[in-house]
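Below: one structure, written as structure tokens.
Bear in mind the structure is a predicted one, so any value in this text is a computation, not a measurement. In what follows, every chain begins at residue 1, and chains take the letters A, B, ... in the order their sequences are listed.
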2 protein chains.
Amino acid sequence: MTDINQQTRPPLHAPRPSEAAASAPADRRDALISCIELFFFAYRDFTGEPDAVLEEYGFGRAHHRVLHFVHRNPGIRVADLLAILKITKQSLARVLKQLVDEGFIAQRTGADDRRERHLKVTAKGAKLASRLAELQIRRIETALAKAGPAGEGAARDFLLAMIAAEDQPAVRSLLRIGAGGNPGATAGTTGGDPAKGQLP
Amino acid sequence: MTDINQQTRPPLHAPRPSEAAASAPADRRDALISCIELFFFAYRDFTGEPDAVLEEYGFGRAHHRVLHFVHRNPGIRVADLLAILKITKQSLARVLKQLVDEGFIAQRTGADDRRERHLKVTAKGAKLASRLAELQIRRIETALAKAGPAGEGAARDFLLAMIAAEDQPAVRSLLRIGAGGNPGATAGTTGGDPAKGQLP
DNA sequence: TGGTTTATGTCAGTCATGTTGACATATTTG
DNA sequence: CAAATATGTCAACATGACTGACATAAACCA
């Protein structure tokens, strides 16, 4: 198997044609493209460690997402989970059923509206969710540290701004985040009660 | 269908037990957990627009990744692509075959070593790759702008630091990135020729 | 009250993308 | 020439997404 880390060949990249010219925009474009790639590699490694743990339980990425958001939002309804994950109820059903059957998540009929199912993690589920979160927290903590103290806010602003504009109010509400670091940029959109209306 | 954006219910989150206590670490933990969620939402939206375009062609995420790295690394060998993507040759074969059959990628037998296949995009492939890259570039450009001018470097450092330490040399080389923004943090690891040895 | 809407669950089939394992072919290398 | 290497290919399988159809219970409303 060709290891990515032991090669004795010339650099992979032929200099791109536009690169030699004194073109500032081409350099700029290159920098942005490398951000695309950084984001790809970063996300892959971000999920890598949890995936290894989940495998011990016979779970996958989908289980992690469900467990995480139920852990973070005790009493969440099925419909809310679907809205957050943006998957179909059939997709959710498969993994949720496993998590419930194996005792990681408990369901309870809604008191107000008895059609609703409210989900929360069991002690067992909380333990696994915390273990997985710990791995990602540590990685993020280290990465933020390397971005510097001032860089932490910037990194958060960057991630938030990467989210589609139409989803941002919901995400801000879900995460209890105020207006972004650069006020004015989203002015006009920030005119809502941050704690109400976006997600149930 | 419950829309994520029109609800009239109380806030989803019950305040977590640890939240009321004057615990700085719990707040810190919460902030980091919201980064986990930001990263999840950000990556999903990051790939959302390209996915919609790819669908027009009957392609998926896997096709985009292959097309992207071939576009960025003309003449790349199959083995190198496998090392970058970290998938099996069987997985690669399926999507690569489609891209070749449909004229987006061309193969050429290696001049030095005739066992090797060197891949590059065709004009048609370059056009699609550029179109997809443009979508992601614009999103990143906007997001970096919102992180502020000083935040741009921080965001890049953050993403790079999110990558597993053992992959960083290879990624730095692939992206032609020098040592990270915070010198000293990775000191000792940075002692290599940046343009050689990591990837072919 | 009774019909409609809503929240949820479930069956059945399909698709995309990853995996393992086995094996074939061409070419380079020792 | 034998062994190692780079690539390709067949077959089977797992995961996690999708669509479409239908069932049930509860709430809402005219």
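B/Glu116 has its CD atom 15 Å from the C1' atom of D/dG8, to the nearest Å. Between A/His118 atom NE2 and C/dG9 atom P there is a gap of 12 Å when expressed in whole angstrom units. Going from atom NZ of B/Lys86 over to atom P of C/dT20 covers 14 Å, rounded to whole Å. Between B/Arg44 atom CZ and D/dA17 atom C1' there is a gap of 13 Å when expressed in whole angstrom units. Rounded to whole angstrom, the span from the CZ atom of B/Arg77 across to the C1' atom of D/dG8 amounts to 16 Å. Summarising the geometry, the separation between CD1 on B/Ile87 and C1' on D/dT7 is reported as 14 Å, rounded to the nearest angstrom. If you take CG of B/Leu85 and P of C/dA16, they are 19 Å apart, rounded to a whole angstrom. Taking atom CG of A/Leu96 as the reference point, atom C1' of C/dT10 lies 13 Å away to the nearest angstrom.
The side chain of B/Gln98 contributes no N or O atom lying less than 4.0 Å from OP1 or OP2 of C/dA16. Contact annotation: B/Ser91 reaches the phosphate of C/dT19 (side-chain N/O to OP1 or OP2, under 4.0 Å). Of the side-chain N and O atoms in B/Arg65, one or more sit less than 4.0 angstrom from OP1 or OP2 of C/dG18. The phosphate of C/dG18 has neither OP1 nor OP2 within less than 4.0 Å of any side-chain N or O from B/Thr88. Look at B/His63 and you'll find a side-chain N or O under 4.0 angstrom from OP1 or OP2 of C/dT17.
Using a 3.5 Å distance cut-off with no hydrogens or angles, the side chains of B/His63 and B/Gln98 do pair a donor with an acceptor.
The base of C/dG21 lies close enough to the side chain of B/Gln90 for a donor and an acceptor atom to sit less than 3.5 Å apart. For D/dT7, its base never sits under 3.5 Å from the side chain of B/Arg117 at any donor and acceptor pair. B/Arg115 contributes no side-chain N or O that forms a donor-acceptor pair with the base of D/dT7 under 3.5 Å.
Within 4.0 Å of A/Asp112, counting heavy atoms only, lie sugar-phosphate atoms of the nucleic acid but no base atom. Counting non-hydrogen atoms under 4.0 angstrom, A/Glu55 reaches nothing in the nucleic acid. Using a 4.0 Å heavy-atom distance criterion, B/Arg61 is classed as a sugar-phosphate-only contact.
The aromatic rings of B/Phe39 and A/Phe39 stand perpendicular to each other, their planes meeting at an angle above 60°, with 30° marking the opposite boundary.
Mapped onto DNA chain C by nearest heavy atom, A/Lys89 and B/Ala62 fall at different nucleotides, with A/Lys89 at the one closer to the 5' end.
The side-chain contact (heavy atoms from CB on, under 4.5 Å) test with A/Ile36 is passed by exactly one of B/Ile137, B/Leu135, B/Leu175: B/Ile137.
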For A/Phe40 and B/Phe46, run ring pair (Phe, Tyr, Trp, His ring centres under 6.0 Å): C-alpha distance rounded to whole Å, both residues' side-chain angles, the deciding distance at 0.1 Å, then the answer. CA-CA 10 Å; A/Phe40 164 65; B/Phe46 173 62; 9.2 Å; no
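The 12-atom threshold is exceeded at CD of A/Glu56, counting heavy atoms of other residues, nucleotides or ligands nearer than 6.0 Å.
Closest to the side chain of B/Asp113, out of D/dT9, D/dT7, C/dT28, is C/dT28.
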